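In what follows, a single structure is set out as structure tokens and then discussed.
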Amino acid sequence: SYNNLALLVLGRDPAEAERMFRRSLAIKTNQLGRFNWEVAITLQNLGETLAAENKLDEAEATHRKQLEIVWTLLGHENYSVAWPLERLAAVLQRKGRLTEAEELFRSALKLREKGSQGDGWTATTRYMLGACLLAQRRFPEAESLLIAAYGGMKGNLAPVQQNSLARPMKSLIELYE
């Protein structure tokens, strides 16, 4: 499918991957309708690609569309809603809209904590919220989240994900400098 091929191309040629995700989105929307899980996944991939290309306004709009579809399909309280909330929040954070990003990260963390047994995804969400608070210079709360994120990641990441431990460590170093 275009979507899988675009994922392979993404690292080498983001503009080509973007074109392919757009084509995949058009095909899936035409065949499956707008409110379909496959359409939501393609929007997620397109939004990530746009963010990587620093097309943040377009990435924001794309992630908002994805979130609307996921809410329609799963409701607002489903564990799986956390992922599109985090993606949108990350774009808003990059745009400097930290208060909005924080609110979305908090919503995502609430869903993660409600639906998990201390998994690595919850720890990753703690890291993202902690980094957002760090950017707002809210050091005490950022510190506790970043430490919890590191501890949660350390015990719950697959071996291939171990390099993710560097992110909360880097943020903690930034905090203490």
Side-chain angles (χ1 to χ4, degrees), residues 7 10-11 14 17 40-41 43-71 74-177:
L7 288 169
L10 183 58
I41 296 299
L43 284 166
Q44 172 186 303
N45 292 333
L46 176 59
E48 294 278 339
T49 302
L50 292 166
E53 294 178 294
N54 212 31
K55 297 178 180 179
L56 298 181
D57 290 338
E58 229 179 320
E60 177 185 350
T62 301
H63 284 304
R64 286 191 188 281
K65 287 177 192 173
Q66 180 205 10
L67 184 58
E68 178 187 1
I69 292 169
V70 173
W71 275 340
L74 303 176
H76 289 252
E77 297 299 317
N78 188 289
Y79 179 86
S80 295
V81 173
W83 184 257
L85 286 170
E86 292 163 356
R87 301 296 26 111
L88 177 57
V91 170
L92 293 173
Q93 183 174 350
R94 285 185 57 196
K95 292 176 78 173
R97 292 164 49 191
L98 300 176
T99 303
E100 291 174 80
E102 176 190 345
E103 183 180 318
L104 293 174
F105 282 134
R106 286 189 187 283
S107 294
L109 182 58
K110 180 180 173 187
L111 292 172
R112 295 274 192 218
E113 289 175 337
K114 180 177 143 187
S116 76
Q117 290 78 40
D119 64 5
W121 292 115
T122 303
T124 300
T125 306
R126 282 190 187 105
Y127 157 73
M128 290 187 280
L129 176 56
C132 184
L133 294 170
L134 182 61
Q136 295 177 65
R137 306 186 60 74
R138 292 173 50 197
F139 301 128
E141 191 176 6
E143 179 182 36
S144 65
L145 282 163
L146 293 169
I147 290 170
Y150 178 79
M153 288 175 154
K154 189 174 182 181
N156 290 297
L157 295 177
V160 295
Q161 296 174 304
Q162 290 300 313
N163 61 345
S164 297
L165 286 171
R167 294 183 311 189
M169 289 303 299
K170 181 180 175 193
S171 293
L172 282 166
I173 291 167
E174 181 182 334
L175 173 71
Y176 292 131
E177 286 185 338

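Treat the numbers as computed from the prediction; the structure is a model and nothing was measured.
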Can you pull the side-chain hydrogen bond (donor to acceptor under 3.5 Å, both in side chains) pairs that have at least one residue in residues 135-146, sequence neighbours excluded?
Glu102-Gln136, Glu102-Arg138, Arg106-Glu141, Gln136-Arg138, Arg138-Glu141, Glu143-Tyr176
Working to the nearest 0.5 angstrom, can you tell me the gap between [X] [atom1] and [Y] [atom2]?
X      : Y      : atom1 : atom2 : answer
Leu129 : Leu104 : CG    : CG    : 11.0 Å
Met169 : Ile147 : CE    : CD1   : 9.5 Å
Trp71  : Glu77  : CH2   : CD    : 10.5 Å
Leu146 : Leu172 : CG    : CG    : 4.5 Å
Leu50  : Thr62  : CG    : OG1   : 5.0 Å
Met153 : Thr124 : CE    : OG1   : 3.5 Å

For a 4.5 angstrom cut-off between non-hydrogen side-chain atoms, does [X] reach [Y]?
X      : Y      : result
Val81  : Leu67  : yes
Trp83  : Leu111 : no
Leu145 : Tyr127 : no

Enumerate the residue pairs fulfilling salt bridge (charged side-chain N to carboxylate O under 4.0 Å, His left out) with a member in residues 87-99, sequence neighbours excluded, ordered by first and then second residue.
Glu48-Arg87, Asp57-Lys95, Glu60-Lys95, Glu60-Arg97, Arg97-Glu100
Nearest heavy-atom neighbours spanning [X] and [Y]:
X      : Y      : answer
Ser80  : Val70  : O-CG1, 4.4 Å
Ser171 : Ala131 : OG-CB, 4.3 Å
Gln66  : Ala40  : CG-O, 3.3 Å
Ala149 : Pro168 : CB-CB, 4.5 Å
Ala59  : Ala51  : CB-N, 3.7 Å
Ser107 : Leu85  : CB-CD1, 4.0 Å

Pair His63, Glu86 - check side chain to side chain contact (heavy atoms under 4.5 Å, CB included), show working.
CA-CA 10 Å; His63 284 304; Glu86 292 163 356; over 6 Å; no
